[in-house]
Amino acid sequence: MTNSKGPTSPETDAAPPAGTRAGRREWTALGVLMLPLLLVSMDVSVLYFAIPQISADLEPSGTQQLWIFDMYAFVLAGLLMTMGSLGDRIGRRKLLLVGAAAFGAASLVAAYANSAETLIAARAVLGIGGATLMPSTLAMIRTLFTDPGRRSKAIGMWSAVMTGGVALGSVMSGVLVEHFWWGSVFLVNLPAMALLLVLGPFLLPESRNPAPGRFDLLSVPLSMAAVLPVIYGIKEIPSEGWNVRYVVSVTVGLLFAALFVHRQRTVESPMLPPALFRGRGFSPAVTLNLLSSFAMMGSAFFTTQYLQSVLGKSSMEAALWALLPTVLVGVAAPVAAGLVQRGVNRAYVVAGGFVLAACGYGMLTAAGTDSMWLVLAAAGVIASGIVTVMSQMMDLALGTVPAQQAGTASSVLETGAEFGGALGMALLGSIGTAVYRHEMPSSAAGGAHETLGAALAEAQRLPSRAGDALAVAAREAFTSGMQAAAVAGTLLLLGAAVLAAVTLRQVAAPQLQSPEREKVCA
């Protein structure tokens, strides 16, 4: 396509021509991109073991401690759509490098923070940097890998790194805090970000939308007002119950979401073009990716508590055991990509991923209070099925939309995943909590009826015989709640498998480039 200024292309600088097989430079660039992605995903859980030392050193209030822990995830979720759209306009490489610099600087400030307020502010800037890095890395894959088959493999690696990073973050936190001071959990970010800043300008091609239109500033606060109250409300429901405050928070967020959608439909240059959702396969990809995130985080809500509170593992032991299921994650996405490239309909691969994850939830329904290996195996099966789905849905979504809107499309996927994860913990957590409260004996103290942690704390204050009886009853009640939630998760995933088979059946699968086609493209 040309205009009065000459040829225009959504890809600039050194972007490979469409259909070109990836070479050493592209795969090296992918390795560089994986570093910030790993760190961004790790930062979600990197404070798990550092909080006690931070509390002793900075003496934050209870509210400040919650914000230290949650600020990163809230800012990240709230700004994903803004940063995805901004990257499409100013250039994804530029935004990636700016975000890396901000992430590195904020990590340095966080490591040496001398007050709770400083650490909270640093965590907020880390969230801003993370919001630039996540959609930019995925959109850059769209630029680097123009051959659909290679792109599918690259996105599979992206999905595996993102999933594994959350589990690795808590383990690295425990190791660093055991040998160094709490600020070391932030300093590990610096070498990776420095490497990205040095190599990025040489390895990563710049890409942007050549005609993005005017950036709609009003959409920024509207998108944040839509996302943050909903995420906040549904994150708090599992631990606090259906409190009026959280229901109101979700309702307010949904009202702003309606305003945001109206704005996107009526403004001349929307942040989130409605035409994206009319692309063949994009809306199903977002929906199914949301459901997969629902299942992943819903199972994590129970398995982490099971390892610590039911089996009595220390936090460090539980984190190390939780790494075991992620071994299967590295295999699932490449296998799924290979099946699709060999002509298996994507609908059946994705449906199979959901069925596999449903089998994992089915295994959880058989867990007792001493079933560590069964629970770990179930977690591995669930993760394998979910990563199969996620990698395919990301590949489908990016392959469906125009290349110049890859950043926006990536941010929509990731925002949907944030919603799905929060919903998974809220809804499945609520089922588990309801069954837990029903199963607890009426003679137990009021606090023991609320959570397993409170029951175990109460059991330690009672005489040994009564305390042991309460602890056993609480662990059995929690396991019953996990079984009930697993039944619900199994049914949901089987329904998702049917939905995938129906909605994706007519969506074309990526094809490997043949030598003959490469000659034609040349």
Side-chain angles (χ1 to χ4, degrees), residues 233-244 246-247 250 291 293-313 318 322 325 357-379 381-383 386 420-460 462 466-496:
I234 58 183
K235 275 182 176 289
E236 295 299 321
I237 286 170
S239 57
E240 302 292 338
W242 293 88
N243 187 297
V244 173
Y246 306 131
V247 174
V250 172
L291 291 174
S293 184
F294 179 106
M296 178 70 83
M297 297 307 296
S299 67
F301 177 82
F302 289 99
T303 54
T304 53
Q305 291 188 73
Y306 181 89
L307 290 172
Q308 292 185 69
S309 299
V310 176
L311 298 181
K313 304 291 183 185
C359 290
Y361 266 99
M363 293 166 66
L364 286 179
T365 64
T369 56
D370 189 21
S371 304
M372 183 182 76
W373 289 108
L374 177 61
V375 169
L376 290 176
V381 173
I382 292 170
I386 293 307
L423 281 171
M425 289 190 290
L427 298 183
L428 296 184
S430 296
I431 292 172
T433 299
V435 173
Y436 171 84
R437 291 172 179 170
H438 181 266
E439 294 289 322
M440 283 294 288
S442 57
S443 58
H449 280 275
E450 297 301 317
T451 65
L452 175 57
L456 295 178
E458 179 66 24
Q460 292 180 346
L462 295 175
D468 290 344
L470 177 60
V472 169
R475 290 186 175 108
E476 290 178 347
F478 177 86
T479 304
S480 296
M482 181 175 71
Q483 293 169 347
V487 171
T490 302
L491 295 175
L492 173 87
L493 288 169
L494 291 176

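All residue numbers in this chain count up from 1 along the given sequence. Computed over heavy atoms, backbone and side chain alike; hydrogens, waters and symmetry mates excluded. None of these values were measured; they are calculated from a predicted model.
If you take CZ on Arg475 and CG on Leu470, they are separated by 9.5 Å, rounding to the nearest 0.5 Å. Interatomic distance, Phe478 CZ to Phe302 CZ, rounded to the nearest 0.5 Å: 6.0 Å. Residue Leu427 holds its CG atom at 4.5 Å from CZ of Phe294, rounded to the nearest 0.5 Å.
Legend: residues meeting side-chain contact (heavy atoms from CB on, under 4.5 Å) with Ala434, ordered by chain and number and at least two apart, are absent. Applying the side-chain contact (heavy atoms from CB on, under 4.5 Å) criterion to Ala474, with sequence neighbours excluded, gives Tyr436, Met440, Leu452, Ala455.
Here the closest non-hydrogen pair linking Leu291 and Ala496 is CD1-CB, 3.9 Å. When every heavy atom of Ala485 is checked against every heavy atom of Gly432, the shortest pair comes out as CB-N, 4.4 Å. Nearest heavy atoms, Val381 versus Gly360: CG1-N, 3.6 Å. Closest approach of Ala357 and Ile386 over heavy atoms only: CB-CD1, 3.8 Å. Residue Ile382 comes nearest to Ala295 through the heavy atom pair CG2-O, 4.5 Å, listed as atom of the first residue, atom of the second, then distance. Smallest separation of non-hydrogen atoms from Ala358 and Thr490: O-OG1, 3.7 Å.
A distance-only check finds a donor-acceptor pair linking the side chain of Tyr361 to the backbone of Ser299 [under 3.5 Å].
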Could you go through residues 362-373 and list every donor-acceptor pair under 3.5 Å that involves a side-chain atom there, pairing it with any protein atom two or more places apart or in another chain?
unit_1	atom_1	unit_2	atom_2	d
Thr365	OG1	Gly362	O	2.4
Ser371	OG	Gly368	N	2.9

